[in-house]
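Residue numbering restarts at 1 for every chain, and letters A, B, ... go by the order of the sequence lines.
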Amino acid sequence: MESALLQGLNPNQRQAVQTIDGPLLMLAGPGSGKTRVVTHRLAYMLEQGVPPSRLLALTFTNKAAQEMRSRLERLVGPAPVWMGTFHGFCARLLRQYAPLVGLPSNFNIYDVDDSTACLRTAVEAAKFSLTHVSLGTLANRISYYKNRLVTPETLQAEGLSSDEHAVAQVYPFYQRQLLNSGAVDFDDLLMHTAMLLRSAPELRSELDERYQYVMVDEYQDTNLAQYVIVRHLAIDYPNLAVTGDPDQSIYGWRGANLKNVSYLERDYPNTQIIRLEQNYRSTPEILSVADGLIQNNQYRKHKRLVPSRAAGEPVRLVAYATGRREAEDIVAQIVAAANSGKRQLRDFAILVRTNAHSRLIEQTLVRQQIPYQLIGGFRFYMRKEIKDLVSYLLLLHNPQDDVAWERAINTPPRGIGKQTIAKLKALAGQHRVSLLEACRLALQGAMLGKKIAAGLRQFLDIQDRCVELVHGSLLDLVEAMIEMTDYRSYLLRCHQADGAGDKDALANLDELLAEAAELDRQSLEASPLEVFLEYAALQSDTDRLSTNNCVTVMTLHAAKGLEFPVVFIIAVEENILPHQRSKDDPLAVEEERRLLFVGITRAQDQLQLSYAKRRAFRDSETPGIPSSFLMELPRSDMQCVDLSEPDPFGFDPIDHNDDAYASLSGRWDESEFSQLAEETTAEDASVLEEAEFCQLPADELPQQVIAKLKGRITTAAQLAGDTAAVRQSEQVFRIGRVVTHPEYGSGRIIAASGKGPKRSVTIDFFSSGEQRDFRLSHARLSIESDE
DNA sequence: ACTCGTAGCCTTTTT
DNA sequence: GGCTACGAGT
């Protein structure tokens with residue numbers, strides 16, 4: 001009697017589902033039905049009588065875990081299988097065994113913000129100067145070491161290059177600071193757990209026994225710490241099943257190590273390897289492009305992508321004049337397809353290399369009033385108003401937490417300034433107590449001014465009164481916190497100063513309350529506060545992906561594991577994809593290539609790759625060079641379109657109709673392609689030409705040129721980097737002038753500040769009544785009238 | 001102690 | 001084009 005779970009699977013998939021004992025490596029290409037196999041395999045194990053509590057399934061994102069759970073439940077109904085992220089699993093484990101690694105069991109989990117604050121303190125404590133190494137670099141390096149299980153001590157013992165010397169200097173201070181505050185960062189969750197399993201053999205074997213079947217998703221993206229964790233859980237019961245695709249390894253920068261595949265083969269010599277190469281997702285055209293690209297990776301085992309779908313449309317490769325044109329054309333294509341009823345908005349994804357590249361796309365979507373979701377921007381729990389309140393909760397949960405204390409102590413302002421904080425820090429250091437405790441000492445010692453003492457007392461009062469609420473309902477606690485800090489009126493005060501936006505912040509508070517209420521409803525075990533804080537720290541915004549009917553905009557990284565009928569990948573340009581920071585390292589370039597491979601293989605029916613010949617970058621505009629990856633694609637099978645419409649004046653008309661250039665499609669010839677690639681040198685002629693035009697007095701220009709120039713004057717002045725032109729624009733855009741913005745209409749300049757390329761003006765718009773700041777060098781502003 | 005203006009940094013990707 | 005640390009002014 002064959003299990004129903006095996007029906008509709010190909011032979012390899014069946015074999016994977018039925019292999020439940022012993023080590024197993026599933027090499028699953030994109031679109032090979034991996035999630036299906038994995039969930040069917042779990043269901044099959046349950047069907048074979050494996051108790052659900054013996055199973056452990058580890059994923060990278062909460063979203064992946066949720067997906068797995070819901071699909072498993074559809075097959076077998078609710079089952080108490082532990083499924084979740086590595087970080088979530090580690091947090092839960094550490095909560096139980098914290099003392100064994102020297103942590104308090106009420107440790108707090110820091111997000112990037114808190115960790116950075118902590119690192120800053122550590123840098124101060126180490127008396128380290130940030131002139132040569134940035135805070136971000138330090139954070140990255142420390143994170144990298146932690147993921148490779150290098151402790152501060154081992155790092156110091158090793159021979160150090162000059163750069164690493166800096167890291168070695170700060171790392172111990174950072175770690176001590178974390179421990180002092182009774183906190184861990186993301187990487188610590190993994191590192192402490194790995195150390196714990198290594199150093200406590202009895203516990204290790206107990207857990208090995210408890211989790212007899214361990215499954216790891218996206219194995220190609222695991223780092224050493226994660227391997228050590230998994231390895232220690234699967235020694236006595238070596239039933240370790242991992243799925244992965246080396247071609248989709250895109251987290252090397254985070255310490256992911258493809259060697260983990262060879263470690264697996266070393267530690268489990270009898271590992272069964274099953275290849276899932278049949279692709280059910282994409283058209284043969286798309287797969288051929290993906291394959292043509294990935295063949296160029298040198299450090300790679302040969303692997304196939306076997307198409308199973310019927311032929312479809314050719315992959316499009318499009319050149320645009322500017323990033324703006326790119327955005328406008330893509331949005332126009334989406335609108336056209338949606339209006340014709342052929343597609344829904346949810347069918348489209350626009351993928352970008354870095355978060356910053358989403359901005360133009362976003363603006364264009366807003367202007368066309370197309371609903372969209374942006375993944376990879378700001379996490380909900382990173383918003384200021386949420387973080388402020390969470391800090392109070394963190395401090396409540398763990399009074400040792402000095403980072404939370406420092407955020408909360410003067411938010412909203414209650415007269416505790418730098419001086420006072422310095423005093424309290426000194427006091428805390430002297431008595432070796434937390435900053436919260438130092439507040440009490442300072443009040444007892446009557447060493448502060450009246451006003452300051454009153455502020456401190458108020459702060460302590462909030463803490464003391466909330467402590468009583470900790471074990472009650474979370475909603476009550478958060479509500480009380482907002483009341484006592486008078487946080488709502490603080491928000492109102494903040495926003496009165498800078499105009500609009502207060503609605504969002506207040507709405508976010510409501511959403512926070514809603515989430516608290518939700519957790520109250522489902523809270524089963526332990527402290528709801530703890531569950532909530534863990535949720536706040538480990539929730540990523542990728543997890544908030546919705547299925548509403550809207551266009552999705554996200555980074556290539558965030559797109560992993562997803563699929564869309566139509567995919568646009570923008571800015572496929574040299575120094576963007578591959579990224580500038582990767583180009584000196586051949587291995588890093590290969591990772592960039594894999595990143596593009598991941599993007600391409602997200603597409604089911606249609607795919608468009610594009611680049612722009614000029615692209616705005618920070619304060620200037622740079623020539624865009626087509627990515628070298630584009631040369632590697634089988635272009636004879638693709639549809640190559642040049643929409644970059646050469647312009648006699650070297651700039652874009654602002655008001656153009658989409659169809660004015662949409663009809664201009666031609667084939668590239670090879671020469672143009674390589675020519676563009678060679679034009680790597682700085683300013684291209686058209687940019688300079690544009691600048692010259694703009695220094696002419698407006699009435700000396702022909703009418704039609706003026707019409708086109710209108711709105712671009714300041715940009716050109718800035719591009720020239722010419723002080724005379726900049727000064728001129730400063731004179732023209734002075735307070736009181738009425739100006740026009742292509743998006744917001746007319747308004748009056750009410751304030752101006754800065755000089756040179758940083759010169760900016762505040763404009764009060766007539767139609768909306770809104771005030772906005774613009775940098776003259778960048779904004780598309782034009783003069784409407786004299787005085 | 002707080003407020004405002006400014007220069008300088010930044011951004012690659014994420015749990 | 002945004003954010004923030006720092007400094008001058010209140």
Closest-nucleotide 5' rank along DNA chain B - winner of A/Phe86 and A/Lys418: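 It is A/Lys418 whose nearest nucleotide is closer to the 5' end.
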Comparing A/Leu595 and A/Gly415 on DNA chain B - which has the more 5′ nearest nucleotide: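 On the 5' side of the pair lies A/Gly415.
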Out of [options], which has the shortest distance to the side chain of [X]?
{"X": "A/Ala356", "options": "B/dT14, B/dT13, B/dT11", "result": "B/dT11"}
{"X": "A/Arg120", "options": "B/dT14, B/dC2, C/dA5", "result": "C/dA5"}
{"X": "A/His557", "options": "B/dT13, B/dT15, B/dC2", "result": "B/dT13"}
{"X": "A/Pro413", "options": "B/dT13, B/dC2, B/dA1", "result": "B/dC2"}

Quick one: label [X] by what it contacts on the DNA or RNA (base, sugar-phosphate, nothing), any heavy atom closer than 4.0 Å.
{"X": "A/Asp188", "value": "nothing"}
{"X": "A/Phe186", "value": "base"}
{"X": "A/Lys451", "value": "nothing"}
{"X": "A/Glu591", "value": "nothing"}
{"X": "A/Arg594", "value": "nothing"}

Short side-chain to backbone donor-acceptor contact, A/Glu573 and A/Ala612, under 3.5 Å: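 Yes; judged by distance alone, with no hydrogens or angles, the pair exists.
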Validation row: A/Ser115, A/Leu119 side chains within 4.5 angstrom (heavy atoms):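 Counting from C-beta outward, A/Ser115 and A/Leu119 never come under 4.5 Å.
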Pairwise side-chain contact, A/Arg457 with A/Cys439, heavy-atom cut-off 4.5 Å (strictly under):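 No, every pair of side-chain atoms sits at 4.5 Å or beyond.
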Is the distance from OP1 or OP2 of [N] to the nearest side-chain N or O of [X] less than 4.0 Å?
{"X": "A/Asn410", "N": "B/dC2", "result": "yes"}
{"X": "A/Asn355", "N": "B/dT14", "result": "yes"}
{"X": "A/Thr61", "N": "B/dT14", "result": "no"}
{"X": "A/Arg359", "N": "C/dG2", "result": "no"}

To the nearest Å, give me how far apart [atom1] ([X]) and [atom2] ([N]) are.
{"X": "A/Asp113", "N": "B/dT15", "atom1": "CG", "atom2": "P", "value": "15 Å"}
{"X": "A/Leu224", "N": "B/dT15", "atom1": "CG", "atom2": "P", "value": "21 Å"}
{"X": "A/Asp185", "N": "B/dT14", "atom1": "CG", "atom2": "C1'", "value": "13 Å"}
{"X": "A/Tyr490", "N": "B/dC2", "atom1": "OH", "atom2": "C1'", "value": "12 Å"}
{"X": "A/Lys384", "N": "C/dG2", "atom1": "NZ", "atom2": "P", "value": "19 Å"}
{"X": "A/Leu135", "N": "C/dT4", "atom1": "CG", "atom2": "C1'", "value": "12 Å"}
{"X": "A/Leu351", "N": "B/dT14", "atom1": "CG", "atom2": "P", "value": "12 Å"}
{"X": "A/His579", "N": "B/dC10", "atom1": "NE2", "atom2": "C1'", "value": "12 Å"}

Aro-ring/base stack A/Phe60-B/dT15, d under 5.5 Å, angle under 30°: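 Base of B/dT15: not stacked against A/Phe60.
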Within 45° cone of A/Phe107 ring axis and under 6.0 Å: A/Arg95 NZ or CZ: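 A/Arg95 over A/Phe107 ring: yes.
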Validation row, ring centre A/Tyr251 to ring centre A/His557 under 6.0 Å: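 Yes.
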is_close_aromatic(A/Tyr490, A/Tyr487), centroid dist under 6.0 Å: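 Yes, ring centres under 6.0 Å apart.
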Span that lies between the P atom of C/dT4 and that of B/dT13, in whole angstrom: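 Comparing P positions in B/dT13 and C/dT4 gives a spacing of 16 Å.
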